[in-house]
Amino acid sequence: MPIEKVGVVGCGLMGSGIAQVAAQAGFPVIVREVSAQLVDKGLASIEKNLGRLVEKGALAPADRDEIRGRLRGTTGLDDLQSCDLIIEAIVEQLPAKRELWGSLDKVCAKSTIFASNTSSLSITEMASFTQRPDRFLGLHLFNPVPAMKLVEVIRTIATDPKVFEEALAFAAKLGKTAVRTTDRTGFIVNRLLVPYLLDAVRALEEGVASVEDIDNSMKLGCGYPMGPLTLLDFVGLDTTYYIANIMFDEFKEKRFASPPLLKRMVLAGWHGRKTGRGFYDYSDPKTPKPMQLS
Ligand code: CAA
């Protein structure tokens with residue numbers, strides 16, 4: 001059965017982006033948050049993004065109106081009943097996911113495909129919270145969702161190959177490039193990205209170079225769109241620390257071990273752009289200033 005109607009759970013940074021690109025691709029989308037205030041906040045950020053596209057001339061106002069018309073917000077899980085695919089993008093905490101998947105399993109039709117946007121938790125473990133491990137997989141999109149072209153499509157040992165193919169076809173309909181991978185913590189991108197980011201922090205700790213020079217090296221020497229310390233501030237130091245800990249726990253390899261400086265910054269509440277301070281100070285967000293961290 002082809003995927004026609006999409007449900008997104010969580011309308012934060014990732015959930016709102018996923019809801020936006022699904023609606024832009026022509027799918028009717030219902031997006032669920034825990035309060036009306038969070039629904040409004042998520043929909044307002046989609047509205048802002050679509051507005052920017054209209055201003056740039058990349059989207060006709062009439063198309064924007066159609067996209068808006070395909071999007072609906074809700075606080076009730078029951079409203080997701082008729083969705084063919086549910087994509088979960090809530091907080092990265094297993095107890096919260098367990099509760100959500102258990103409830104959705106009762107609410108949704110047996111045919112509904114369940115997908116998690118987790119970047120680090122086990123898809124297999126989440127599938128075990130439901131009676132449909134064969135219809136459960138991972139769909140990992142990247143921040144900012146409208147701009148990043150990749151989707152990691154993750155199968156577990158229990159995922160039905162037909163369901164995997166349907167998810168790959170869905171990713172293509174979103175206009176993204178799908179890569180196939182299996183349920184190993186970090187999948188492809190974070191397996192490669194996280195050690196790189198942690199190494200950048202180690203280089204700073206060891207006095208190899210300054211914050212700016214480390215970032216400029218990778219931007220100007222390798223053509224990366226952002227330097228690693230800017231990217232850490234963008235992703236969130238807390239998020240990266242959390243992912244690194246889960247990866248270290250899974251593989252017990254030093255390359256996934258969080259450097260002390262990263263841990264101290266997380267403990268200090270310097271989580272990057274979202275808290276106004278990380279490797280840079282964002283007091284003036286347009287001109288971030290490197291922090292003095294030694
Ligand atoms: N929302 C939607 N679209 C956005 C956006 C946002 N927040 N920020 C930028 N964009 C879009 C712009 O609209 C623009 O689109 P067009 O090319 O169609 O006009 C495009 O992205 C480029 O944007 P800008 O010209 O404004 O800015 P830029 O050239 O400096 O690019 C960037 C900004 C796309 C964020 C770029 O710096 C980049 O690619 N950075 C790396 C991001 C990255 O690595 N993300 C992955 C993080 S890891 C992750 O998400 C997974 C995990 O598990 C941790």
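Below, each value reflects all heavy atoms present in this structure, side chains not excepted, and no hydrogens, waters or symmetry copies. Keep in mind it's a predicted model, so treat the numbers as computed, not measured. As the structure lists them, so they are numbered: ligands from 1, and atoms in each ligand from 1.
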Legend entry - Residue pairs, two or more places apart or on separate chains, that pass salt bridge (charged side-chain N to carboxylate O under 4.0 Å, His left out) and touch residues 43-53: E47-R68
Inset, instruction - Return yes if a side-chain donor-acceptor contact under 3.5 Å exists between D79 and T74, otherwise no. - result: yes
Legend entry - Geometric class of the F170/F27 ring pair [parallel <30°, tilted 30-60°, perpendicular >60°]: tilted
Inset, instruction - Would you please say whether a donor-acceptor pair under 3.5 Å links the side chains of D183 and T156? - result: no
Inset, instruction - Considering only NZ, NE, NH1 and NH2 on the basic side and carboxylate oxygens on the acidic side, decide whether R135 and D160 come within less than 4.0 Å. - result: no
Ligand 1: which protein N/O atoms lie under 3.5 Å from its N/O atoms?
residue	atom	partner	partner atom	Å
ligand 1	13 (O)	K56	NZ	2.9
ligand 1	15 (O)	K56	NZ	3.4
ligand 1	19 (O)	K56	NZ	2.6
ligand 1	45 (N)	N143	O	2.8
ligand 1	50 (O)	N143	N	3.0
ligand 1	53 (O)	H140	NE2	3.1
ligand 1	53 (O)	N190	ND2	3.0

Legend entry - Salt-bridge criterion met for K274 and D238 (N-O under 4.0 Å): yes
